[in-house]
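Note that this is a predicted model, so its numbers are computed, not measured. Below, read A as the first sequence line, B as the second, and so on, with proteins coming before strands; counting in each chain starts at 1. Hydrogens, waters and symmetry mates are skipped; everything else that's a heavy atom, side chains included, is used.
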Number of protein chains: 2
Amino acid sequence: MFVFNFKEFECPFNCFAEIIKGKWRTGIILSLSGSPKRFSELKKELAGVSSKVLADNLRALENGGLISRTVFPTVPPAVEYSLTEQGQELSGIMDSINNWAGIFLNKGEAVTYTE
Amino acid sequence: MFVFNFKEFECPFNCFAEIIKGKWRTGIILSLSGSPKRFSELKKELAGVSSKVLADNLRALENGGLISRTVFPTVPPAVEYSLTEQGQELSGIMDSINNWAGIFLNKGEAVTYTE
DNA sequence: CGGTATCCTTGATGATACTG
DNA sequence: CAGTATCATCAAGGATACCG
């Protein structure tokens, strides 16, 4: 699998777009902003994601320095994912986004589309 | 073509993800945040986009209330796209994103934008 | 438990041609 | 000028099977 290096972008916004790209990465960041989680916990929380796709995206975010992966050498193995410092800053940005979109959605109720 | 209604999302972040979805919508918003632009100007600025894809995305953003489309009944026809009030608020959010990503790209050091 | 390895589907994008 | 109509392409995502 090809993992793009986020840091190779010239344009900051293209970099951001790559980071949150696809159907699952935003959910991963949001979930980990609550607390560190194990692979199976993430898979349960992100209802519908397959192991392959979840692993692919976790690898991309880890490679980009936004999350970190800690292996506990127990039997059976336990792996914990958490946000790095940069990942936590990103989750702050996502809070702003969440606020804006929340307001946007409420304004939407005032709009009447008569069809 | 199917145009999703942004306002139908429950989750604000999914709503935002849908709004900026794909390769071109962020560029459209950023371009229009500078000044209103005509179809051909946008196409020139977003190097590589096809008429079809540009039109599809403009339609989606217009439908979502983020940009507005004004037709001047001249010959040949002139059409101007601009941000709505909600679109301008979104571009403010995108500025925050741009700042964060700029810092991220410089590995955590403060970025100074001297203009 | 936490993944990989394959194969397949699907939808966004791109190329090209055409039009009021 | 500002699109629409078709068709082709390609990578993200999903299904399933398997493994240390």
Enumerate donor-acceptor pairs with a distance under 3.5 Å from any side-chain N or O in residues 66-77 of chain A to protein atoms, sequence neighbours excluded.
{"residue": "A:S68", "atom": "OG", "partner": "A:S82", "partner atom": "OG", "Å": "3.1"}
{"residue": "A:R69", "atom": "NE", "partner": "A:Y81", "partner atom": "OH", "Å": "3.3"}
{"residue": "A:T74", "atom": "OG1", "partner": "A:F72", "partner atom": "O", "Å": "3.4"}
{"residue": "A:T74", "atom": "OG1", "partner": "A:P76", "partner atom": "O", "Å": "2.9"}

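Between B:L54 atom CG and D:dA5 atom C1' the separation is 16 Å, expressed in whole Å. Taking atom NZ on B:K44 and atom P on D:dG3, their separation rounds to 18 Å, with Å as the unit. At whole-Å resolution of the value, CG in B:L46 and C1' in D:dG3 are 16 Å apart. Atom P of nucleotide D:dA12 and atom CD1 of A:I19 are separated by 16 Å, given to the nearest angstrom.
Residue B:F72 is classed as having no contact, given no heavy-atom separation below 4.0 Å to the nucleic acid.
Taken from CD1 in A:I28 to CD in A:E62, the straight-line distance is 11.5 Å, to the nearest 0.5 Å. Between A:F16 atom CZ and A:I19 atom CD1 the span is 7.5 Å, to the nearest 0.5 Å. Interatomic distance, CG of B:D95 versus CG of B:L90, reported as 10.0 Å (0.5 Å rounding).
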**Request:** Evaluate the side-chain contact (heavy atoms from CB on, under 4.5 Å) criterion for residues B:I29 and B:I20: first the C-alpha distance (whole Å), next the side-chain angles of each, then the deciding distance (0.1 Å), finally the verdict.
**Result:** CA-CA 9 Å; B:I29 309 268; B:I20 63 154; 5.8 Å; no
**Asked** Does the side-chain contact (heavy atoms from CB on, under 4.5 Å) test come out yes or no for B:L54 and B:W24, once each step is laid out?
**Response** CA-CA 8 Å; B:L54 180 55; B:W24 303 108; over 6 Å; no
**Asked** Could you go step by step and tell me if B:E18 and B:K21 meet the salt bridge (Lys or Arg N to Asp or Glu O under 4.0 Å) rule?
**Response** CA-CA 5 Å; B:E18 185 65 29; B:K21 187 172 170 180; 3.6 Å; yes
**Request:** Any chance you could list the contact pattern along nucleotides 13-20 of chain D? Use B for base contacts, S for sugar-phosphate-only contacts and - for none, protein heavy atoms under 4.0 Å, 5' to 3'.
**Result:** BBB----B
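DNA chain C is contacted by A:R38, A:F39, A:S40 of residues 30-40 of chain A, taking any non-hydrogen atom closer than 4.0 Å.
Residue pairs meeting the salt bridge (charged side-chain N to carboxylate O under 4.0 Å, His left out) criterion with at least one partner in residues 72-84 of chain A, sequence neighbours excluded, are absent.
With sequence neighbours excluded, the residues that form a side-chain contact (heavy atoms from CB on, under 4.5 Å) with B:K52 are B:S50, B:D56.
Of all heavy-atom pairs between A:L30 and A:S33, the closest is O-OG, 2.7 Å.
Other residues, nucleotides and ligands contribute only 12 or fewer heavy atoms inside 6.0 Å of the CD atom of B:E85.
Contacts between chain A and DNA chain C, taken as any atom within less than 4.0 angstrom of a protein heavy atom, begin and end at C:dC1 to C:dT6.
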